[in-house]
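Structure first, then comments.
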Protein chains: 2
Amino acid sequence: MAVVGDGESRALTPTSYVVLGLVHMLQPCTSYDMKQLVNVSIGHFWPFPHSQLYAEPTRLVDDDLLVEEQEDAGRRRRLYRLTQAGEDAFRDWARMPAQDIGELRDEGLLKLFFSDPADRESIATLAAAQVKVHEERIETLSAVRDDVAEDASPAQMATLELGLRWDRTAADFWAEVADNPPG
Amino acid sequence: MAVVGDGESRALTPTSYVVLGLVHMLQPCTSYDMKQLVNVSIGHFWPFPHSQLYAEPTRLVDDDLLVEEQEDAGRRRRLYRLTQAGEDAFRDWARMPAQDIGELRDEGLLKLFFSDPADRESIATLAAAQVKVHEERIETLSAVRDDVAEDASPAQMATLELGLRWDRTAADFWAEVADNPPG
DNA sequence: GTACGCATGTAAACGGTTACATGATTTG
DNA sequence: CAAATCATGTAACCGTTTACATGCGTAC
């Protein structure tokens, strides 16, 4: 009996599912096609460098979740598609509620946590900078929203909406901190 | 002339500054002391395994930002303190506004983004689970807040406050999605 | 036809996660 | 004094990041 895949199966990471999801939407597609989509969508809340979009599909081919087909002329680009197992893995993941809890990982929060209570001025400066960052991102995301309104699904628009609400919440919070620095 | 540190200096990561900040608060302290504090504070919004609290101080000693002193009896635990360079590096970081933008990295958001518009029931199920997760975390964080209210600085309490607001924002968002799934 | 930018990809190094391991302390 | 739990640490693997490299099209 033929064994498919090399050796033990690995646990898939969120990146794996991002790639499966992207291929699901775009197949057949190249790594660069994925990159293009990432740039205007999930890249805004789940950033990663494009090299992952080359490395991860290779692993998924090993796992028999993707198939790769290489052009025989020109640039010999690699085109990816889902296998049946890939479709299944993606659908199962999409259906199952998320188990991990989304963390903030905001460096500004770290700085606030470690701030010197006696140095309220530094805190105010930090807070003002954070307000700026979040308001700028509200601008960016609003523009993206308008840009993609035609093409994106309602669920995709909703992800943008949560992003905007988060930045609004954060901007308000930091504005309060700037106004009245704790210390 | 004596050369301090081995080879080229590396770029410090957020983890580096977490450790510098922890040592700043607790020095002299062991990795385990840091772990204790992490568990009831930044661990809630910037989680990482305790092994990092052993690995990173070793690197920081190489960088001459920490000094290590080993007990000569008993468990021979390692105690860390900041060097002058460590104090400086930490203070400089703390003063400078954060440059990276805190990202969401919420797996639930990914699932929403990739959800099948035709399958509104899955979306509603996902959303209901997300509501539960965030409301539970509101409970947890509220309890932590009450627990540490005596000991924590106002700035530290403020970080908890932002965490709570984020979970509130997210819980509300997902409740709306559950109520009226896009698709 | 040259220059610039977009498209496409690779490789090495490093941090982070996971898993394991075992010595102390407390509790019953 | 046995068992459980806390305290303390190590090692290996693997994903991610960073940096480099270079073909192809297009505009001037």
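Residue numbers start from 1 in every chain, and the chains themselves are labelled A, B, ... in the order their sequence lines are given, proteins ahead of strands.
- For the residue pair Glu176(B) / Asn180(B), no side-chain donor-acceptor distance below 3.5 Å is found, with atom types taken as modelled.
- In this structure, Gln70(B) places its CD atom 12 Å from C1' of dT8(D), rounding to the nearest Å.
- With DNA chain D read from its 5' end, the first of the two nearest nucleotides for Tyr54(B) and Arg105(B) is the one closest to Tyr54(B).
- Between the side chains of Ser122(A) and Thr125(A), no donor-acceptor pair of N or O atoms lies under 3.5 Å.
- The phosphate of dT10(C) (OP1 or OP2) has a side-chain N or O of Arg78(A) nearer than 4.0 angstrom.
- Atom CG of Leu126(B) sits about 9.0 Å away from atom CG of Leu109(B), to the nearest 0.5 Å.
- Rounded to whole Å, the distance from CG on Leu12(A) to P on dC14(D) is 14 Å.
- Under the side-chain hydrogen bond (donor to acceptor under 3.5 Å, both in side chains) rule, Glu69(A) has a single partner from Arg78(A), Arg81(A), Arg77(A), which is Arg81(A).
- By the 6.0 Å contact criterion, CD on Glu121(A) is open, its count of non-hydrogen atoms from other residues, nucleotides or ligands being 12 or less.
- Using modelled atom types, no side-chain atom of Thr169(B) and backbone atom of Trp166(A) make a donor-acceptor pair closer than 3.5 Å.
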Open item on the list: The test is salt bridge (charged side-chain N to carboxylate O under 4.0 Å, His left out); show your working for Arg59(A) and Asp62(A) and say whether it passes.
Closed with: CA-CA 5 Å; Arg59(A) 288 174 216 135; Asp62(A) 276 352; over 6 Å; no
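- Considering only side-chain atoms of Gln52(B), the nucleotide from dT17(C), dG9(C), dT17(D) that sits closest is dT17(C).
- The CD atom of Glu56(A) sits 7 Å away from the P atom of dG15(D) (whole-angstrom rounding).
- Within residues 14-48 of chain B, the residues approaching DNA chain C are Thr15(B), Phe48(B), by heavy-atom distance under 4.0 Å.
- Atom CG in Leu53(A) sits about 13 Å away from atom P in dT10(C), given to the nearest Å.
- Glu135(B) and Trp174(B) share no donor-acceptor pair across their side chains, judged by distance under 3.5 Å alone.
- Taking 4.0 angstrom as the limit, Arg10(B) places none of its side-chain polar atoms (N or O) nearer than this to OP1 or OP2 of dC14(C).
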Using a cutoff of under 3.5 Å, can you pull out all pairs of nitrogen or oxygen atoms linking the protein to nucleotides 19-21 of chain C, with atom names and distances?
none

- [ ] Carefully, step by step, assess Arg95(A) and Asp119(B) under the rule salt bridge (charged side-chain N to carboxylate O under 4.0 Å, His left out).
- [x] CA-CA 10 Å; Arg95(A) 271 218 238 282; Asp119(B) 187 2; 3.4 Å; yes
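- Considering only the side chain of Arg77(A), dT8(C) comes nearest among dT18(C), dT10(C), dT8(C).
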